Amino acid sequence: MDAFNLLETPSVWSNWLAFWSFEDINVLWVLMGSILLGMSASVIGGFAFLRKRSLVGDALAHAALPGVMMAFLLFQSRDPLVMFLGAVTSSFIGFYLIDWLPKNTKIKADAALAITLSFFFALGLMLLSYIQGLEVDNKSGLDKILFGQAAAMTQKDIKLLGYVALFVLSCVVLFFQKFRLIAFSATYARTIGIAVNRYELLLALLIVMSVVVGLQLVGVVLMAAVLLTPVAAARFWSNQLSHILIIAAALGALSAIISTQISYLAPAMPTGPWMVVSLSALFFLSLLFAPEKGLLKRYTEHNKLRKRVAEENVLRTLYKLLERKDFQHKTFNIADIQALRSMPLEHLQATLKQLCKKALITSSTAGFEMTTTGFGLAEQLTRRHRLWENYLTEHAELTPQQVHQHAERIEHILTPSQELQLQAELTNSQSDPHGNLIPNANSASQGDSK
Amino acid sequence: MTNDIWIIATAALVAASCALVGVFLILRRQALIGDAISHSVLLGIVLAYIITDSRALPIMLGGAVIIGLLTAWLSDSLHRVGKLQSDASIGIIFTLFFAIGIILISLYAGQIDLDQSCVLYGEIAFIPFDTLYIGNLDTGSGFDIGPRAFWGIGIVFMIVLSSIIISFNRLKTIAFHPSLALSLGINVIFWHYFLMTLVSMTTVASFEAVGAILVVALLVIPASSAYLVARSLKAMLWMAVGYSQLAVLIGYALAFWLDSSISASIAVSAGLLLFVTIAWQKVQSKRKVLQSIESA
């Protein structure tokens with residue numbers, strides 16, 4: 001067993017070392033190429049995503065296939081540039097068709113996408129099988145573009161890839177302002193005199209180019225993911241477009257590094273699927289743990305809010321009880337609270353404990369009593385609640401019976417400045433529609449400063 | 001010659017089942033989820049094969065239906081929970097599933113008689129060589145009943161056809177008025193997943209014959225052609241089947257003539273039929289405009 005391990009481990013290890021020491025200069029080339037591709041595809045995919053055309057990359061990648069085959073049939077050569085131009089042409093026809101079908105026939109946009117994708121792909125496969133039946137030279141390896149194989153790329157391929165990726169990236173940097181404006185509001189862009197159609201054409205061209213150039217690395221079938229997944233993941237990290245695009249580019253580059261490595265360690269492995277799997281892993285990590293909008297963050301924030309609302313509700317209930325006793329009797333037990341606010345007992349107990357911890361109430365054998373801080377907070381909440389009730393009856397013409405529910409929700413989120421504004425708009429800020437006194441602002445602002 | 005007949009018969013059944021299911025996908029504007037399921041079904045097939053080491057139809061169907069439903073459910077949840085656009089969430093899920101499927105195929109390359117090109121093309125030309133038989137062939141008491149794939153898609157076709165006939169009215173309401181269906185108390189979610197089940201079953205049974213991606217062509221294109229022409233659901237179903245059968249015949253001839261892949265040629269001819277239909281409609285409407293100008 002030990003001997004077996006000794007034989008096995010170093011081989012992967014040394015392979016890995018060989019990869020990172022760049023003994024084979026080709027490795028460096030492929031790595032650079034795939035990083036550039038990952039970055040440019042993710043960035044340009046961001047704009048497709050914003051235009052709500054996330055799957056357009058999928059259709060375009062499929063649409064490139066017949067172009068590649070046609071170029072090979074016509075010129076009998078595997079020159080990367082010839083292939084590239086053929087692919088760009090047919091991909092562009094596909095792009096046009098996706099647009100044309102829903103505008104000119106009854107066919108809906110999603111069906112148009114699926115039709116274009118499958119028709120062009122079928123055409124490509126038909127030509128491929130036709131070519132394979134022909135007696136021509138160097139036809140082998142044409143099918144590599146279906147799933148991509150980084151190891152099979154030549155330096156010429158990679159140079160082309162690098163140029164195109166750099167071109168795409170620099171176009172995006174150069175026209176970032178215009179692209180952003182068009183992505184968010186094409187109509188506004190048009191009214192301020194931007195030639196929207198020209199920029200849309202450029203954007204389409206950039207998308208087509210980055211799709212086509214990635215085919216050899218990622219393959220036709222999975223190219224969609226490289227455009228779509230990084231930006232979808234980056235979406236959870238930020239709300240600002242420039243940040244989203246930078247993060248997407250970083251994720252694209254990272255997955256490129258991972259998948260190129262695997263493709264070298266296990267040469268039989270196609271690169272594309274590994275790139276997609278690593279991208280998806282990054283996506284799910286972002287979905288769960290991203291600091292801005294990840295699920296974990298959203299969950300904890302939601303919980304925090306729920307707890308705060310529960311605490312504030314209990315405080316307000318204590319205030320109401322106090323009011324009923326004309327501020328004479330100050331201690332209340334759980335039964336008193338439950339009589340006014342229906343809450344599961346366990347939940348109530350937990351909330352009361354939390355309030356004690358925050359020194360907003362004190363607990364004794366007789367029951368619970370608010371501290372000065374707690375009283376200030378309760379007064380402030382009650383004030384906001386009742387001001388809002390007044391506001392609704394005066395300005396929204398609701399009856400006193402209707403307003404309580406609204407106020408119950410808004411009291412937790414009103415800010416001090418909104419409170420002042422409310423007071424200024426009201427003719428009556430002394431008592432609420434139910435006839436209860438509104439606590440005055442002095443003590444409320446005391447509560448605020450705490 | 002008998003081989004040709006088996007191939008055409010299998011292709012005809014594949015095309016017909018896809019067309020029938022595709023009609024509902026087009027009407028419910030779920031062409032993309034059809035695309036997604038046809039990709040991710042690959043993972044179901046590979047997993048079922050690795051786990052059970054058998055290629056029996058029920059196992060393949062089971063694996064594919066589970067993964068198909070999982071795709072539909074996951075994309076839907078990602079859309080709701082992650083607040084992503086629905087097409088983006090579909091794209092993320094199916095590319096992941098398809099990628100895992102391809103990786104598994106390369107990992108177990110020696111043990112699975114699926115390879116990457118079979119995933120794309122299917123192997124309809126080899127279907128007649130993998131036959132089912134009753135009894136024992138060696139002793140002479142059994143006899144050949146035809147290709148395995150033929151019976152697989154035949155069973156699925158019967159399932160699809162009978163579910164459409166039985167639940168025709170339900171499906172009609174859901175296809176044309178989803179909100180009315182909801183207010184009538186029809187369980188729209190159940191029918192959604194029911195449709196997804198049919199899509200997954202059709203895809204997996206067609207898989208061997210036409211491959212993962214050409215299934216999309218057969219699902220979407222004949223149904224779209226029918227959508228352009230038909231004026232009722234019944235007419236649309238009939239026409240979709242008609243278009244698909246025509247595509248099979250033309251495609252087979254095309255493949256014979258060019259010596260190209262049969263399944264790809266069928267899909268291409270389905271597309272050509274769609275474009276002919278569109279062109280014909282454009283000419284018709286132009287003629288109508290001209291006539292109305294003349295008469296006025």
Side-chain angles (χ1 to χ4, degrees), chain A residues 49 52-55 57-58 62 101 104-115 117-130 133-134 143 146-147 219 221-222 224-229 231-233 235-236 266 268-270 272-277 279-280 283 287 293 295, chain B residues 25-26 29-32 34-35 39 78 81-85 87-92 95-96 98-103 106-107 109 116-117 120-121 211-221 223-224 227-228 254-255 258-261 263-268 270-272 274 278 281-282:
Chain A
F49 180 82
K52 305 214 157 58
R53 307 180 77 169
S54 320
L55 284 179
D58 193 23
H62 284 74
L101 276 177
N104 292 282
T105 66
K106 266 166 59 183
I107 293 170
K108 301 291 178 293
D110 65 321
L113 200 70
I115 290 170
L117 178 157
S118 56
F119 173 71
F120 274 79
F121 190 72
L123 194 62
L125 282 188
M126 197 176 111
L127 290 171
L128 177 61
S129 58
Y130 173 67
L134 290 179
D143 55 342
L146 293 175
F147 294 109
V221 185
L222 292 169
V226 184
L227 268 91
L228 165 60
T229 312
V231 71
R235 192 73 190 74
F236 293 108
M269 285 287 171
W274 277 108
M275 190 151 178
V276 174
V277 168
L279 270 179
S280 306
F283 170 80
L287 172 70
K293 295 194 292 183
L295 287 188
Chain B
L25 285 180
I26 292 290
R29 299 187 191 172
Q30 284 171 329
L32 290 176
D35 179 28
H39 280 77
L78 202 56
V81 178
K83 299 191 177 150
L84 283 173
Q85 299 152 22
D87 57 342
S89 37
I90 291 173
I92 290 169
T95 48
L96 174 63
F98 191 74
I100 297 177
I102 295 287
I103 289 174
S106 342
L107 273 180
Q116 292 172 9
S117 66
L120 295 173
Y121 295 111
I213 296 158
L214 297 176
V215 173
V216 185
L218 292 178
L219 277 172
V220 177
I221 297 179
S224 296
Y227 181 63
L228 290 176
L254 203 62
L258 287 175
D259 188 24
S260 57
S261 148
S263 48
S265 310
I266 291 174
V268 168
L272 293 178
L274 172 68
I278 292 175
Q281 279 199 327
K282 291 279 152 201

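Lettering follows sequence order; numbering is per chain, from 1. Values below: every heavy atom of this structure, side chains too, minus hydrogens, waters and symmetry copies. Because the structure is a prediction, the values reported are computed rather than measured.
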Trainee: For the candidates G272(A), A114(A), G219(A), A224(A), which exhibits the highest count of non-hydrogen atom pairs separated by less than 4.5 Å from chain B?
Mentor: A114(A)

Trainee: Do you know the tightest heavy-atom contact between L222(A) and F98(B)?
Mentor: CD2-CD2, 3.9 Å

Trainee: Between L258(B) and chain A, which part of the residue has a heavy atom less than 4.5 Å away: side chain, backbone, both or neither?
Mentor: both

Trainee: How long is the gap from CD1 on I100(B) to OG on S280(A), to the nearest 0.5 Å?
Mentor: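 Answer for the CD1-OG pair, I100(B) versus S280(A), is 7.5 Å.
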
Trainee: Given a strict heavy-atom distance threshold of 4.5 Å, which part of F49(A) is in contact with chain B: side chain, backbone, both, or neither?
Mentor: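 Both parts, heavy atoms under 4.5 Å.
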
Trainee: Identify which part of V81(B) has an atom lying under 4.5 Å from any heavy atom of chain A, answering side chain, backbone, both or neither.
Mentor: both

Trainee: Step by step, work out the side-chain contact (heavy atoms from CB on, under 4.5 Å) result for D35(B) and D58(A).
Mentor: CA-CA 11 Å; D35(B) 179 28; D58(A) 193 23; 3.7 Å; yes

Trainee: Which region of F236(A), side chain (C-beta onward) or backbone (N, CA, C, O), has a non-hydrogen atom less than 4.5 Å from a non-hydrogen atom of chain B, or is it both or neither?
Mentor: side chain

Trainee: With only heavy atoms counted, which part of L101(A) is less than 4.5 Å from chain B, the side chain, the backbone, both or neither?
Mentor: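 For L101(A), side-chain heavy atoms alone lie under 4.5 Å from chain B.
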
Trainee: Quick one: are L287(A) and L78(B) in side-chain contact, heavy atoms under 4.5 Å?
Mentor: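 Yes, their side chains come closer than 4.5 Å.
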
Trainee: Which of the residues L218(B), I103(B), L274(B), L272(B) is involved in the greatest number of heavy-atom pairs with chain A at under 4.5 angstrom?
Mentor: I103(B)

Trainee: Between the main-chain N or O of A31(B) and the side-chain N or O of K108(A), is there a donor-acceptor pair closer than 3.5 Å?
Mentor: no

Trainee: Give, as side chain, backbone, both or neither, the part of I26(B) having an atom under 4.5 angstrom from any heavy atom of chain A.
Mentor: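 The side chain, not the backbone.
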
Trainee: Would you mind telling me which of V220(B), I90(B), V215(B) has the largest number of heavy-atom pairs within less than 4.5 Å of chain A?
Mentor: V220(B)

Trainee: Can you list the steps and then say if T95(B) with L228(A) is a side-chain contact (heavy atoms from CB on, under 4.5 Å)?
Mentor: CA-CA 10 Å; T95(B) 48; L228(A) 165 60; over 6 Å; no

Trainee: Give a yes or no on this: more than 12 heavy atoms of other residues, nucleotides or ligands lie within 6.0 Å of atom NZ of K282(B).
Mentor: yes

Trainee: Select one option (side chain, backbone, both, neither) describing which atoms of L279(A) are under 4.5 Å from chain B's heavy atoms.
Mentor: neither

Trainee: Please name the pair of heavy atoms, one in V268(B) and one in M126(A), separated by the smallest distance, quoted to 0.1 Å.
Mentor: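 Nearest pair, atom of V268(B) first, then M126(A): CG2-SD, 3.8 Å.
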
Trainee: Assess the residue pair Q281(B) and T105(A) against the criterion (side chain to side chain donor-acceptor pair (under 3.5 Å)); give the C-alpha distance rounded to whole Å, side-chain angles, the decisive distance to 0.1 Å, and a yes or no.
Mentor: CA-CA 9 Å; Q281(B) 279 199 327; T105(A) 66; over 6 Å; no

Trainee: Walk me through whether Y130(A) and D259(B) qualify under side-chain contact (heavy atoms from CB on, under 4.5 Å).
Mentor: CA-CA 6 Å; Y130(A) 173 67; D259(B) 188 24; 5.7 Å; no

Trainee: Heavy-atom distances under 4.5 Å only: say whether L254(B) touches chain A with side chain, backbone, both or neither.
Mentor: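 Only the side chain of L254(B) comes within 4.5 Å of chain A.
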
Trainee: Would you mind checking which part of L113(A) comes under 4.5 Å of any heavy atom in chain B, side chain (CB onward), backbone (N, CA, C, O), both or neither?
Mentor: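 Only the side chain of L113(A) comes within 4.5 Å of chain B.
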
Trainee: Which atom names give the shortest non-hydrogen contact between I221(B) and F119(A), and what distance separates them?
Mentor: CD1-CB, 4.1 Å

Trainee: Let me confirm one number: the CD1-CD1 distance from I107(A) to I278(B), rounded to the nearest 0.5 Å.
Mentor: 4.5 Å

Trainee: Looking at L55(A) and G91(B), what are the two nearest heavy atoms and their distance?
Mentor: CD2-CA, 3.7 Å

Trainee: Identify which part of L32(B) has an atom lying under 4.5 Å from any heavy atom of chain A, answering side chain, backbone, both or neither.
Mentor: both

Trainee: By a 4.5 Å heavy-atom criterion (distance strictly below it), what part of I266(B) contacts chain A: side chain, backbone, both, or neither?
Mentor: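 The answer is neither part of I266(B).
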
Trainee: For the residue pair A264(B) and L125(A), what are the closest heavy atoms and their distance?
Mentor: CB-CB, 3.9 Å

